[in-house]
Amino acid sequence: MLDLSLPEFLELSVSDKLPYVGTKAILYAQQFSRTDLDEFNELADTCRKIFKSPAGADFLGRLLPHRICLNFFVQPSSRTFLSFSAAQAILGMKRMSLRDMNISSISKGESLEDSIRTFISYVDLVVMRHFDNHAAATAFWVAGKAHRRVAIGGQEQPVPIVSGGSGTRQHPTQALLDIYTLSKSFEDRGGIDGKKIMLVGDLKRGRTVRSLSYLMKNYDGVQLYFAAPEEYQMNEDILSFLDEHNIPYEKLRSITEGLADVDAVYMTRIQDEWDTVKHDSHPPANSNFVFHRDHLKLMKPNAYLLHPLPKRDEIEVEVDYCDDSRVVYWRQERNGMWMRVAIIATLFDCVDRIRAYDQAHS
Ligand code: CP
């Protein structure tokens with residue numbers, strides 16, 4: 001990367017960027033293989049198990065107390081910000097956050113490049129959410145070019161950059177936790193391979209559904225269904241990616257068209273924060289794409305209902321409290337924290353120590 005300018009790097013296609021990104025940062029869902037996903041899932045489970053005992057929680061908390069991280073979130077977030085913060089606390093990291101551009105020197109006109117270069121002078125990890133599609137890639141380039149290095153696993157490396165959502169295109173760690181949730185849901189049915197998954201809502205601007213679609217390249221026999229009003233249907237770039245990877249998909253005009261047949265329903269809200277015309281209130285979901293309590297009766301007994309959250313009116317409130325074990329979006333949130341523990345532990349070369357602790361104490 002040292003030979004590329006920032007514009008040259010940003011102009012590369014994602015597949016051309018991947019060799020530069022390697023495994024030292026998390027920017028794109030496409031960077032992960034099936035082995036990576038299986039290892040993340042297993043590590044998340046292991047950390048979760050270890051944390052159940054006070055001694056295990058102490059062990060995890062002693063892994064990274066010498067590391068400082070910055071959570072740089074200049075777009076609204078509850079669960080990504082909090083679950084990363086909680087994951088960092090579990091691993092004993094020291095944490096700082098910057099969430100409001102108005103109280104940082106960005107408000108004085110400082111460029112993103114200069115801001116990132118400043119941040120990495122002080123911290124060993126940057127987790128970031130930004131409205132710009134290229135923000136995480138820009139931060140990665142700056143970290144690679146800057147002189148500061150952190151020693152991880154005996155190697156001097158650029159400060160790791162983790163995207164917690166970049167523009168409308170990518171939310172890779174959400175996709176990892178979604179895969180973890182789907183894998184756990186289907187663990188008695190052969191995992192995600194061969195499953196039919198329906199994605200519902202604003203698929204055009206939903207970075208979670210886009211990143212999740214990319215990860216489906218790692219599973220055999222998956223079929224995707226895109227249930228969305230025409231104006232929110234999945235973008236051509238994702239459809240081309242699915243074609244390239246021989247992943248069949250079908251567009252649906254309502255939830256009910258696919259409900260009885262699928263193994264998972266993944267709801268999303270209208271992403272109206274990207275609307276160019278601002279409204280006084282959030283637009284209502286199209287009624288063909290609202291999940292009602294009665295829809296649970298149409299779902300297979302072993303199908304699951306997911307949502308990356310936050311949600312609005314696209315799921316009827318009664319579904320939250322209906323005590324149906326197929327409704328897994330609250331578990332999905334909690335899974336996010338454990339997946340983020342696994343992500344950070346992997347970036348900081350803690351995996352062998354965690355496995356050794358688990359083996360010694362099982
Ligand atoms: N799923 C998700 O990214 O939620 P937040 O926007 O609350 O972080």
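Values below: all heavy atoms of this structure, side chains included; hydrogens, waters and symmetry mates excluded. Read the numbers this way: they start at 1 and go in the same order the structure lists the ligands and their atoms.
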Out of curiosity, is Arg129 lining ligand 1, as in a heavy atom under 4.0 Å away? yes

Backbone of His307 reached by a side-chain donor or acceptor of Lys311 within 3.5 Å: no

Could you tell me, atom by atom, which parts of ligand 1 come under 4.0 Å of a heavy atom of Gln174? 1 (N), 2 (C), 3 (O)

Would the distance check show the side chain of Asp358 and the main-chain N or O of Thr46 forming a donor-acceptor pair, the cut-off being under 3.5 Å? no

Within-cut-off N or O pair, Pro310 and ligand 1, under 3.5 Å: no

Using only atom types and a distance under 3.5 Å, with no angle test, would you say the side chain of Arg149 pairs donor to acceptor with the backbone of Ala146? yes

Cluster partners of Leu259, using ILVMFWY side-chain heavy atoms under 4.5 angstrom, listed by chain and number? Met198, Val200, Tyr225, Leu252, Ile255, Val262, Val265, Met267, Phe289, Phe291, Leu296, Leu298, Met299, Leu305, Leu309, Ile315, Val319, Val327, Tyr329, Trp330

Where does Leu309 meet ligand 1, judged by heavy-atom distances below 4.0 Å: at the side chain, the backbone, both, or neither? backbone

As an exercise, identify every atom of ligand 1 less than 4.0 angstrom from a heavy atom of Ser78. 5 (P), 7 (O), 8 (O)

Donor-acceptor pair, distance only, cut-off 3.5 Å: does the side chain of Glu8 make one with the backbone of Leu4? no

Strictly under 4.0 Å, does any heavy atom of Glu333 approach an atom of ligand 1? no

